[in-house]
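Just so it is clear, the model here is predicted, and its values are computed rather than measured. Just so we're on the same page: letters track the sequence lines, and every chain starts at 1.
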2 protein chains.
Amino acid sequence: MPRPSEPTRERIVQAASALFYNEGIRRVSVDEVAAKAGLTKRTLYYHFKSKDDLVAAYLAARDQPNLALFRKWFAETDGGLPVKVEAIFKNLARSARHPKWKGCGFLRTSAELANMPGHPAIRIGAAHKKKFEDWLRTTFAEQGIADPLKLARQILLLLDGSFAVVLLHRDASYMETAGEAARTLIETALGKPRRKQG
Amino acid sequence: MPRPSEPTRERIVQAASALFYNEGIRRVSVDEVAAKAGLTKRTLYYHFKSKDDLVAAYLAARDQPNLALFRKWFAETDGGLPVKVEAIFKNLARSARHPKWKGCGFLRTSAELANMPGHPAIRIGAAHKKKFEDWLRTTFAEQGIADPLKLARQILLLLDGSFAVVLLHRDASYMETAGEAARTLIETALGKPRRKQG
DNA sequence: GTATGTATACTAACCAGTGAATATACACAA
DNA sequence: TTGTGTATATTCACTGGTTAGTATACATAC
């Protein structure tokens, strides 16, 4: 039965996403993705020209929803800039306590494919992180922060650090530690009255 | 020619380290490791009971030298606590600019094997990071920091974040950004006179 | 003459990608 | 209304290659 096409492609990406995120790229075979999507490998290769292409689609599908979530958490939190940013980390900690959580798909893919620097999936991951950084930088600039780019980069480092450390230790409390560090850095940049952290 | 034994085992670990770090765990076959070590796979399986065992040996061999390097960079830098810690990041930035640099072997392995939470390699990685954190915590405690554990965790987050971000973007300047953030956090914890970062 | 160490040759499974054929839906003609 | 061509979509069966791990035999040192 032809003529679905877009739904089919969507279904393949859904299946690929679940498998690649949970098991890793190289661990998952194209056959497994096809089986999970309920079709044959040959059909999958009709919609995607290679496994690399499928991996790229997996990450591309994560880009917008991920950023939207961060923006939502930021927007729905009442308070000043430090509090709103810290809220992102608190919400992330909640996600990370879910048993199926396995870190950041972009970072894990870039780690697994580190021997293929030009791989499309890595470019998509890099662009995703740049978008997040840009959003922070713009937000900080609007608040009159002196060096908004530097502060945005520092927050990004804390975010990605917490992804990596929480994945390694399976201890989501690091996510909250990162949030506190972010708050301290933002308060310092704002020139807020100093207050020993603790 | 029998009777070398320990040198042989060592040679295998050396070969495995180069390959696993450069190419990734699942990408590298046991045959490749054996070939690089100049012997057959069967001999390799005489010294290691499985590939997992070999992966564990690869990371175990990285543990001490890595920590020693951080301690060395810290010790050989003149100045206060913030400057000495920042020096670690500066030295790391220099390493990261080397073309063969591919991030932190512990983090990349934990990302690749995230679907096997009990894997020995992940436990070795977690223990390694704990050792680093413990060293920082002890050092901070000796300097009278109020909450040395929290600060040590924050620095660890920045360190591992910079590993991840620099690997993704291939831009070692993030390592220096992380160093500045570390300095800011330490100065804040020390109650130093506030100074807008920038 | 036995522990230790090494090599040859193999198994059984897996995997990315393809060749050839087929089925369906729809446009258009009769 | 009915037949027919064509692009779209799907399947079966296959290839050539790779992989972790092993059965068996052989060599060296002490």
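- You'll find the ring centres of A:W135 and A:F70 outside the 6.0 Å limit.
- For B:K150 and A:E180, the salt-bridge test passes: some basic side-chain N is under 4.0 Å from an acidic carboxylate O.
- The backbone N or O of A:P82 sits nowhere less than 3.5 Å from a side-chain atom of A:R183 that would complete a donor-acceptor pair.
- Look at OH on B:Y45: it is 19 Å from P on C:dG5, rounded to the nearest Å.
- Taking the charged nitrogens against the carboxylate oxygens, B:R153 and A:D171 do have a contact shorter than 4.0 Å, which makes a salt bridge.
- When the nucleotides D:dT24, C:dA16, D:dT11 are ranked by their closest atom to the side chain of B:R42, D:dT24 comes out on top.
- Following rounding to the nearest Å, A:L54 (CG) and C:dG17 (P) show an atom-to-atom distance of 10 Å.
- Contact between the side-chain N/O atoms of A:T43 and the OP1/OP2 oxygens of D:dT10 is not found at any separation under 4.0 Å.
- Between the CG atom of A:D31 and the C1' atom of D:dT15 there is a distance of 14 Å, given to the nearest Å.
- In this structure, C:dA3 makes no Watson-Crick or G-U wobble pair, since no nucleotide meets both defining distances under 3.5 angstrom.
- In terms of phosphate contacts, A:H47 brings no side-chain nitrogen or oxygen within less than 4.0 Å of OP1 or OP2 of D:dT8.
- Using a 4.0 Å heavy-atom cutoff across all strands shown, B:V28 reaches sugar-phosphate atoms only and no base atom.
- Contact check, A:Y46 against D:dT10: no side-chain N or O comes under 4.0 Å of OP1 or OP2.
- Spacing between atom CZ of A:R26 and atom C1' of C:dC14 amounts to 16 Å, rounded to whole angstrom units.
- In terms of phosphate contacts, A:T40 brings no side-chain nitrogen or oxygen within less than 4.0 Å of OP1 or OP2 of D:dT10.
- Between the side chain of A:R108 and the backbone N or O of A:K102, at least one donor-acceptor pair lies under 3.5 Å.
- Look at D:dT1: its Watson-Crick or wobble partner, with both distances under 3.5 angstrom, is C:dA30.
- The side chain of A:L39 has D:dT11 as its nearest neighbour among C:dG17, D:dT11, D:dG21.
- Atom-to-atom, NZ of B:K51 to P of C:dC14 comes out at 16 Å; the value is rounded to the nearest Å.
- In this structure, the CD atom of A:E32 is 13 Å from the C1' atom of C:dA16, given to the nearest Å.
- For the pair A:K41 NZ and D:dT10 C1', the interatomic distance rounds to 15 Å; values are reported in whole Å.
- Contact between the side-chain N/O atoms of B:T8 and the OP1/OP2 oxygens of C:dT6 is found at a separation under 4.0 Å.
- The distance between atom CZ of B:R27 and atom P of C:dA16, rounded to the nearest whole Å, is 12 Å.
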